[in-house]
Q: 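Below: one structure in structure tokens.
Please read these numbers as outputs of a predicted model, since none were measured by experiment. Numbered from 1 within each chain, the chains take letters A, B, ... in sequence-line order.
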Amino acid sequence: MSITYLEAIREAQARALAEDPRVFIYGQDVGAFGGAFKATKNLLKEYPGRVLDSPLSEDGIVGAAIGAALEGMRPIVEMQFADFSICGFNQIVNQAATLYYRTGVPCPITVRLPSGGTEGGGPFHSQSMEAIYAHYPGLIVMTPATVEDAYSMLLEAVAIDDPVIFFEHKFLYYHLKAEKLPEVAVPCNKARVARAGRDATIVTYSAMVHEALAAAEELVSDGYQIEVVDLRTIKPLDTDTVLASVARTGRMLCVGEAWPWGGVTAEVIARVATEGFGLLDAPPQRLNAKDTPVPYHPRLWGTHRPTAQTIANATRRLLKL
Amino acid sequence: MSITYLEAIREAQARALAEDPRVFIYGQDVGAFGGAFKATKNLLKEYPGRVLDSPLSEDGIVGAAIGAALEGMRPIVEMQFADFSICGFNQIVNQAATLYYRTGVPCPITVRLPSGGTEGGGPFHSQSMEAIYAHYPGLIVMTPATVEDAYSMLLEAVAIDDPVIFFEHKFLYYHLKAEKLPEVAVPCNKARVARAGRDATIVTYSAMVHEALAAAEELVSDGYQIEVVDLRTIKPLDTDTVLASVARTGRMLCVGEAWPWGGVTAEVIARVATEGFGLLDAPPQRLNAKDTPVPYHPRLWGTHRPTAQTIANATRRLLKL
Amino acid sequence: SKKDIALYLRAFKFMLQARIAEDKLASLYRAGKIVGGVFLGKGQEALSASLGVNLRKGDVFAPLIRDQAGRLAFGDTILDTFRTYLGSALGSMRGRDGNIHRGRPQEGYYPMISHLGAMVSLVSGALMARKFRGETGMVGATCLGDGGTSTGAFHEGLNIAAVEKLPLVLVIANNQYAYSTPNTRQFACKELVDKAIGYGVQGHDVDGTSLAECMRVVGEAVESARKGGGPQIVVAKLLRLVGHGEHDDAGYIDVNLKKASVGQDCLVLAEKYILNQGFATAEEIKSWKAEISEEVESVAARVQREPLPDPEGEEWTAISTETLRESI
Amino acid sequence: SKKDIALYLRAFKFMLQARIAEDKLASLYRAGKIVGGVFLGKGQEALSASLGVNLRKGDVFAPLIRDQAGRLAFGDTILDTFRTYLGSALGSMRGRDGNIHRGRPQEGYYPMISHLGAMVSLVSGALMARKFRGETGMVGATCLGDGGTSTGAFHEGLNIAAVEKLPLVLVIANNQYAYSTPNTRQFACKELVDKAIGYGVQGHDVDGTSLAECMRVVGEAVESARKGGGPQIVVAKLLRLVGHGEHDDAGYIDVNLKKASVGQDCLVLAEKYILNQGFATAEEIKSWKAEISEEVESVAARVQREPLPDPEGEEWTAISTETLRESI
Ligand SMILES: Cc1ncc(C[n+]2csc(CCOP(=O)(O)OP(=O)(O)O)c2C)c(N)n1
Ligand SMILES: Cc1ncc(C[n+]2csc(CCOP(=O)(O)OP(=O)(O)O)c2C)c(N)n1
Ligand SMILES: [Mg+2]
Ligand SMILES: [Mg+2]
């Protein structure tokens with residue numbers, strides 16, 4: 001048996017529904033249809049009345065989830081695409097994210113965002129919005145890169161009392177597979193050394209972890225051993241694991257699929273530069289998507305986002321600095 | 001005669017209306033009432049039919065401005081508080097900001113955001129949202145710190161073919177004064193050395209420029225000469241001027257009133273660390289607001305935001321590194 | 001009936017409390033003791049109180065800017081009102097939020113965020129939760145102004161309540177202005193209640209200056225929601241008798257509106273009504289006012305002696321889960 | 001009248017063009033030549049064409065997902081349709097955006113963004129601009145689905161148009177589903193047209209399967225907007241006869257709806273009507289189809305030989321002002 005990243009998300013929700021009567025799922029087409037990506041397939045059948053189709057109203061969907069959370073539920077919201085969560089942004093960052101600070105009452109909602117670029121997705125079905133959510137106080141922002149993390153981190157997200165923005169990468173949905181689901185889980189606030197190395201550290205997250213690993217593999221033939229750190233969760237951000245890796249390698253490249261200005265790569269470099277300046281043998285580098293909307297045509301998209309190839313090249317440049 | 005930061009904004013709009021028939025102003029209470037802060041005072045009287053009260057509909061207001069821009073107008077949108085621009089965020093970042101890239105047709109709108117903290121403002125009337133706008137491709141993000149810049153940069157904003165997000169700081173509205181309005185203007189994409197120094201550079205923008213200048217003044221008695229760089233516009237960001245300053249001083253503290261994660265301070269440090277690593281004699285440091293909503297009570301607010309005092313202390317620490 | 005009279009007088013007393021408390025808040029603002037702003041419900045107490053007294057423990061209530069009367073009727077206190085305005089560390093918002101941004105979610109009393117319209121879907125979601133648990137007989141109420149009806153959040157939240165047939169009572173105070181913006185620049189329908197049919201909800205309109213009318217109509221709306229009649233919107237016509245906030249002289253308000261019946265003071269009318277109907281004597285009302293004034297004064301004095309929030313003592317975090325906190 | 005017959009046939013030909021072109025797009029998608037998705041208007045051509053043929057140069061049009069027929073009637077071409085779907089560098093979107101996200105703003109033909117409802121206020125703003133310049137006699141049209149009416153953007157945009165009394169024509173295709181979500185989960189009003197009164201705009205409903213009815217009702221709505229009658233909403237009842245996109249088998253669609261009159265194919269009905277009324281002969285229609293098929297095939301072949309966007313040649317910027325560009 002083998003299970004995909006998407007199936008892991010479906011299984012995590014099934015388990016959450018089974019184990020916690022407070023859990024319900026709300027979003028467009030999540031019911032009988034099973035969701036645009038089938039992440040809630042059969043869940044309505046298995047858990048009647050607990051998977052609800054919503055109107056086409058992101059602001060209302062999130063607001064309703066917050067209200068339900070205040071009354072003791074554990075809502076999981078599915079946005080059809082991360083890009084459309086912008087229409088529920090106000091409720092997330094100003095209502096859900098401020099509740100605990102203002103009142104001492106936590107807001108345990110999980111917002112699932114099918115995120116990131118795919119072929120032909122175009123400007124409005126491809127966005128990586130993690131940075132704008134992480135900028136706001138009061139949110140946990142998860143960006144799982146593996147089937148195991150998709151499963152265990154989603155379960156953790158539902159269990160956490162704080163609002164969690166769960167970025168699942170559409171590019172990983174179908175082709176990323178694992179043998180089985182994990183029994184034990186690494187806590188979501190710990191980064192993971194996805195590949196051990198010696199000569200440089202690539203810090204990244206979500207789908208870019210796999211591009212970075214491919215780049216590291218390619219660089220073996222150049223005689224380099226590249227360490228790859230998968231952040232897993234970008235807020236809170238496990239700076240210690242990053243610093244420990246940079247302490248080993250002395251060189252860091254940060255890679256993100258999002259836009260450059262104020263993205264995860266800027267935040268990571270800011271932390272390492274301020275807290276780990278002495279560990280760096282060379283200037284830290286970053287590689288992001290280009291600063292334009294995500295283009296539609298695969299040829300443009302393939303150049304807009306970082307790839308194993310461009311990551312390998314950036315790493316080679318870093319190694320020569 | 002002396003003129004305030006707020007009056008400069010009013011004068012800039014009056015001049016834009018006078019010189020360009022394509023200009024009109026749209027927003028809540030901007031008409032006969034002259035706006036919540038009186039930034040459009042008497043403009044309706046002076047320019048009948050060109051200053052329109054809108055319904056309470058931020059998404060609609062921005063959408064309408066974009067449509068008008070497509071038909072050849074130069075709309076100036078006033079949001080009553082920057083915080084409420086979140087309700088028009090989708091139209092700004094997905095419609096206005098993507099238009100030129102997608103179609104080659106520019107979208108000349110200016111969105112004025114009364115921004116930043118004041119006593120008793122609280123979580124929803126105090127926000128500094130520049131980072132989330134700057135993260136998106138396609139926007140110019142201005143953050144004037146002086147009366148002169150408030151005037152000349154707003155005029156420039158209206159003239160620019162691209163959508164401009166204009167952050168005017170409420171804390172500066174009334175008490176910041178100048179003798180007269182500038183005849184010649186420094187282009188908006190050039191940062192400004194607000195105070196020359198030798199021992200360290202403080203990079204900041206908007207209201208924090210004045211806190212930084214006060215801190216620099218205080219540090220004179222410690223025998224330090226601190227350089228203060230006012231970014232003026234945070235996107236595009238004038239990295240060269242920042243690097244030139246760091247080349248002189250070897251030390252950098254970045255100060256922002258916004259939240260830390262992915263803020264202006266992270267972006268500036270990322271740029272200096274990657275492009276100016278060798279110029280740094282000590283790790284670059286940053287000082288931001290605390291990572292919570294902006295508190296209501298002045299005692300909490302005074303601690304939540306950076307002040308001359310905390311900037312001076314952070315600079316002292318930096319000088320000892 | 002006796003019961004009706006008792007309930008009417010109950011509502012009237014909350015109106016008095018609200019009016020007297022808010023007058024004091026205004027003077028503290030003028031004295032510079034309250035920073036930021038003070039936002040009063042003067043002229044809207046009858047509507048707000050009518051809603052508050054028709055709610056019960058177990059209901060959910062998300063009041064708005066001008067609902068001091070309804071807040072008190074729902075269980076909020078003058079003490080916590082002053083604590084929140086003055087930022088006392090002992091208030092339910094602990095100085096972190098202030099003025100009208102006040103509530104205790106754990107008691108079904110939701111603190112508004114400033115972004116208008118945002119509370120509608122919140123209350124709808126709370127009612128969905130009750131539905132999940134099979135609870136019936138409770139309602140969720142929230143309030144909005146004429147301006148608030150122009151927000152997308154209002155539209156989405158009300159539509160969700162309608163689709164789910166939730167016991168939502170949405171009270172819309174059409175006080176003729178949104179800040180300085182008159183109805184003519186806010187909407188184009190003849191009456192705001194005309195929106196009801198487009199959502200498939202029950203619509204009610206009422207003269208907001210008459211406590212008796214507000215009690216009757218709001219009472220019916222709440223009752224009908226409780227009985228499973230689905231969402232209800234109540235639109236009241238009235239006039240804001242103060243500025244948008246105490247910083248605002250409201251010079252923009254049309255004098256004809258002030259002179260018209262919509263411009264009457266619901267509190268004055270209610271007092272007249274009570275005397276005419278013989279529900280109470282002038283002396284009784286006088287004594288009520290005196291009692292309330294005394295309470296308000298003592299609360300105001302007490303709160304000003306209370307500890308202010310201590311920046312040092314603050315845990316500067318927006319995250320409840322300790323293991324997930326970080327200091328940046 | 002002769003004129004009516006000519007206009008009817010004009011609309012019918014755009015329906016044919018749309019249907020034949022979209023069938024080809026679907027086959028290119030199945031052949032893997034188009035990536036992302038293909039979204040068809042099958043069953044909605046009569047409504048869309050009726051709008052398109054009633055617009056003129058100088059009007060503003062912001063079509064939506066299922067408006068291939070209306071787009072062509074407004075001046076879009078089969079060539080640019082295929083260029084945009086196939087991402088040709090020569091298309092108006094140059095491979096930067098694709099499929100239904102197509103337009104030429106400089107010609108009053110606005111490219112939709114995906115976020116539903118967002119185009120309503122855009123068209124309203126365009127009409128405000130015309131009003132500023134004192135232009136009259138033109139209209140702005142945009143389209144939405146039943147699901148789109150649940151967005152806050154729709155609400156705010158339509159309300160602005162109503163307040164400003166703009167010549168907006170908002171055509172709502174109630175095709176019974178939003179993706180898989182049926183009307184019953186989308187809204188609770190009896191008829192979507194019931195929303196008109198709540199905005200103070202004129203409402204029209206129409207049988208979307210009948211080209212004759214669509215021509216009459218949409219024609220009246222556009223006319224009334226042109227004449228200064230203010231915003232108009234037209235709600236058409238019809239059924240999406242394909243999946244939401246070509247990836248979707250639409251298994252969720254109620255078979256009874258398919259069998260009901262709402263489930264009829266407007267193109268088949270229109271063809272019957274033309275023959276019954278003797279507007280044209282079977283041979284003529286056959287030749288029109290042949291012509292169009294030929295054009296579609298040659299366009300499809302031509303576009304597949306056209307240059308693809310070149311990542312190297314691209315200027316990677318979203319800023320038009322050269323001095324304000326930066327590479328990060
Ligand atoms: C989304 C949003 N935009 C703008 C504001 C600023 N604002 C606060 S109150 C107000 C007017 C509200 O008018 P109305 O809804 O009629 O309520 P009223 O003040 O008349 O009671 C405005 C524009 C806000 N709070 N929220
Ligand atoms: C704001 C927003 N949320 C979600 C989506 C995803 N989405 C695209 S089409 C669609 C269904 C639209 O239904 P309807 O408005 O009835 O139009 P139809 O597809 O039936 O023509 C959805 C949910 C979107 N495009 N925009
Ligand atoms: Mg009002
Ligand atoms: Mg539909």
Q: Could you pull out the closest heavy-atom pair between C:Asn159 and D:Ser150, with the gap in Å?
A: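 Looks like ND2-OG, 3.4 Å.
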
Q: Looking at C:Ala188 and D:Lys165, what are the two nearest heavy atoms and their distance?
A: CB-NZ, 4.1 Å

Q: Which one, D:Ala153, D:Pro231, D:Gly117, D:Cys189, leads in non-hydrogen pairs under 4.5 Å with chain C?
A: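 Of the candidates given, the most pairs with chain C belong to D:Cys189.
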
Q: Determine the minimum heavy-atom distance between D:Ile197 and C:Ile197, stating which atoms define it.
A: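 Nearest pair, atom of D:Ile197 first, then C:Ile197: CG2-CG2, 3.7 Å.
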
Q: Report which part of D:Glu191 has an atom under 4.5 Å of a heavy atom belonging to chain C: side chain, backbone, both, or neither.
A: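 Contact with chain C: none, neither part.
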
Q: In terms of relative ring orientation, are D:His155 and C:Phe154 parallel, tilted or perpendicular, with 30° and 60° separating the classes?
A: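 The arrangement is tilted - the two ring planes meet at 30° to 60°.
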
Q: So, does C:Glu156 use its side chain to make a donor-acceptor pair with the main chain of D:Gly152 at under 3.5 Å?
A: yes

Q: So D:Arg185 and C:Val163, do their side chains get closer than 4.5 Å, heavy atoms only?
A: yes

